[in-house]
Amino acid sequence: MKNLFADIIVANTNVDRPFTYLIPMNLRDKVTPGCPVLIEFGKLTKKGYIIDIKEESDVDISKLKYIKDIENGELSTDENLLRLAIWIKHRYGVTFDKAISTVMPVKSNVEEKTTNEIFLNQDIGEDILKELTKKRKVAWVRLLKELKKTESLPQSYVNKELKVNSATIKRMAEEGYITVGNKQRKSNPLLPILKSLGVEDFNEIQATNEYILNEEQKLAVDIFKKDFDSGNKNTYLLHGITGSGKTLVFINMIKYVISKGLQAIVLIPEISLTYQTVLRMAEHFKDRVAIINSKLSKNERFYQFDRIKNGDADVIIGPRSAIFAPVKRLGLIVIDEEHDSAYKNENVPTFNVRDVAGKLANIAGASLLLASATPTPETYNRAVTGEIKLLELKERARNTTLPKVSVVDMRDELKMGNRSIFSNKLKTLIEDRLRKHEQVMLFMNRRGYSSFVSCRSCGEAIKCKHCDVTMTLHNNNKLVCHYCGYSIDLPKVCPSCGSRYIANFGTGTQKLEAMTREVFPNAKVLRMDTDSVSKKNSANDMIRDFARGDADILIGTQMIVKGHDFDNVTLVGIMAADTSLYVSNYNSAQRTFELLTQAAGRAGRAKSGEAVIQTYKPENYAIVAAAAQDYKKYFENEIAYRKLGGYPPVCHMLTVMISSIREEELNKCATAIVNTLKSDNIFKKSVIIGPTDPSVVKVKDYYRKLVYIKNANYDILLDIQKKIEESLVSYRNVGAVYDFN
DNA sequence: CGGAGATTATGG
DNA sequence: CATAATCTCCGC
Ligand SMILES: [Zn+2]
Ligand SMILES: [Zn+2]
């Protein structure tokens with residue numbers, strides 16, 4: 001028989017190229033591309049991934065070794081995902097190894113939970129039972145009777161429910177009636193889903209009666225169906241105003257895809273994977289839904305992936321990483337809240353899942369739907385140029401109107417002598433809602449800046465020894481650094497001046513809560529932020545409490561405006577609307593527009609509502625457009641800005657973060673790199689900015705510098721990356737990470 | 001990455 | 001000349 005060869009990427013090495021191995025006879029029908037295997041690499045046994053199987057090899061056959069074995073306990077990646085990995089490798093300039101491990105996030109089936117299981121040994125007849133009853137061994141009979149029904153029972157159940165103690169069980173085993181064995185108990189993979197919904201069965205989930213599509217929604221679904229039937233696997237932007245019922249549209253598209261025997265992946269930002277969202281999906285797809293989120297344990301996660309692999313789920317719902325779910329018959333990918341920053345992978349490879357999903361859809365022959373009320377200019381631009389199809393929803397689904405939004409210039413308030421964080425307008429409106437027993441949401445436009453500790457005498461905030469960051473106070477009276485994890489006990493005296501007057505400055509939301517209670521002493525106030533929801537599932541509880549009307553005012557960060565609708569909320573106050581504008585990032589206006597639109601959109605889901613935006617920058621286009629709820633206006637301004645600055649989507653941008661333990665070496669290296677790039681003819685057309693300091697210079701004792709390179713041609717950026725890697729070889733202590741946009 | 005052999009430093 | 005520290009190449 002002819003030899004079979006496999007090209008293999010060796011894991012955990014720096015050798016970023018495939019090696020050829022022979023496939024032994026006994027593994028021939030077991031290995032596939034994407035399969036994890038064990039190989040002898042040099043002198044060591046290493047794990048590797050097959051990326052290709054072929055009948056020819058250009059490598060001298062005498063050099064070749066055989067694959068040792070298949071790596072068990074790791075799911076094999078299917079061919080689509082493998083192709084995706086190879087694309088990721090080239091697109092983001094990472095190693096094969098990195099790319100493959102990115103697409104297979106389920107590392108292994110961690111040790112199966114084994115519990116004691118009790119088995120029936122022999123067929124127990126009525127006579128034996130009678131005899132035992134005579135001996136008054138009631139517990140024995142009780143257990144045996146149960147076992148006759150089910151073959152085997154877990155010991156915990158026997159102990160607790162049947163009240164048969166371990167001693168009895170031991171005796172029964174000795175006498176040969178039963179055996180105590182180890183059963184690999186596979187817990188019901190649907191359990192975590194049911195648990196998060198607080199039901200025991202999918203049939204308990206009541207259907208809400210919003211299944212009927214309105215005209216606009218129907219049109220969108222019909223366009224999709226028509227394309228789908230004619231074999232056009234398109235990319236769509238579903239652009240609908242807040243409350244227009246985008247979810248119902250894609251649910252119907254998914255149903256159609258399922259009816260054709262295919263599966264769908266729905267990506268939802270982790271923060272919006274809330275009770276309401278999950279319930280909604282479970283309501284439509286019942287036990288055919290698989291849900292992945294960060295709360296799942298390793299095992300639960302594995303089971304979800306296992307179900308998907310076996311085709312036991314039609315719809316896979318999860319955050320960014322769910323794009324790599326091992327779906328066999330992919331028909332549709334939905335990315336809900338397409339604009340969300342959580343879709344960007346912060347680690348290398350720094351992909352945006354939009355792009356990865358686009359490629360995967362292309363590989364698998366599936367459609368892609370991007371849904372948002374505030375699409376990124378990148379995506380909307382693709383719709384404008386006709387590259388992707390635009391589906392629009394311009395009306396609110398429940399016959400309500402968009403909230404009335406007003407902007408308050410806080411500088412004017414200050415001039416009028418109002419130093420409170422509430423503008424007069426917002427204050428009167430809150431009072432009005434409290435009187436009418438309607439609810440209010442106060443949205444603090446800030447990342448949940450955790451509380452830090454600073455000195456009242458010298459003003460110094462306590463910083464991490466290893467990073468340029470202030471440490472944050474945790475409830476166990478420890479100061480922790482969010483960048484490196486370094487933690488110390490809360491010091492009694494100021495480390496820089498020795499003063500004993502050091503104090504904890506609360507978070508933005510805590511302060512807002514205190515002020516709110518002061519200004520509205522009779523209102524019931526609920527605060528929701530990372531601090532207050534650290535306890536498991538308490539976010540759900542809070543949401544339910546608020547929805548039930550247990551509080552009048554809900555205060556919080558992004559968390560409160562994503563993934564929940566409250567019918568009785570008729571007023572939203574947006575505090576410090578412009579803080580997200582001050583981030584030095586070409587995205588900051590987009591982020592601001594998106595957050596304000598989303599927050600304002602929470603008002604008046606059922607009744608007519610109102611929103612007040614408090615800002616010091618009322619003239620900024622993001623704020624103006626958000627107040628007018630005019631996406632087009634926003635987009636025109638944004639795209640003009642991007643053109644002017646040469647930012648995406650007009651240009652591609654490579655951000656290089658160069659880092660080193662040694663500051664001088666870093667500086668030398670960074671300037672040298674910039675100089676070589678600038679002098680190189682091929683790169684001359686690129687705009688090169690830097691080296692500049694990032695907002696946090698030192699992290700984990702490493703100093704960092706940033707270099708930005710802009711070019712309309714993506715491939716040139718990849719060449720530049722290669723060039724930088726080459727120059728970096730001569731600097732032993734300097735490394736770089738690359739972020740492509 | 002990490003093993004192995006080659007190369008260079010160090011010291012008496 | 002021995003021994004250790006450092007470099008350099010290479011793996012199917
Ligand atoms: Zn730190
Ligand atoms: Zn001090």
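Below, read A as the first sequence line, B as the second, and so on, with proteins coming before strands; counting in each chain starts at 1.
For the pair A:Asp60 CG and C:dC12 C1', the interatomic distance rounds to 10 Å; values are reported in whole Å. Atom NZ in A:Lys65 sits roughly 15 Å away from atom P in C:dC10 (whole-Å rounding). Look at NZ on A:Lys46: it is 15 Å from P on C:dG11, rounded to the nearest Å. Note: CZ (A:Arg17) to P (C:dC10) measures 10 Å, nearest angstrom. If you take CZ of A:Phe19 and P of C:dC12, they are 7 Å apart, rounded to a whole angstrom. With rounding to whole Å, A:Ile9 atom CD1 is found 14 Å from B:dC1 atom C1'.
When each of A:Glu378, A:Lys710, A:Lys344 is paired with A:Asn741, the side chain to side chain donor-acceptor pair (under 3.5 Å) condition holds for A:Lys344 and for no other.
The backbone N or O of A:Gln263 lies less than 3.5 Å from no partner atom in the side chain of A:Lys328, so there is not a single donor-acceptor pair.
Nearest to the side chain of A:Leu44, among B:dG2, C:dC12, B:dC1, sits B:dG2. Of the listed nucleotides (B:dC1, C:dC12, B:dG3), B:dC1 has the atom at the smallest distance from the side chain of A:Val15. Closest to the side chain of A:Arg732, from the set B:dC1, C:dC7, C:dC12, is C:dC7.
Note on A:Lys43: every side-chain N or O is 4.0 Å or more away from OP1 and OP2 of B:dG3.
Donor-acceptor pairing under 3.5 Å is recorded for the side chains of A:Thr379 and A:Glu338.
Separation of the A:Tyr714 and A:Phe740 ring centroids falls under the 6.0 Å cut-off.
Backbone-only contact: A:Asn12 has heavy atoms under 4.0 Å from sugar-phosphate atoms and none from a base. Using a 4.0 Å heavy-atom distance criterion, A:Phe41 is classed as a base contact.
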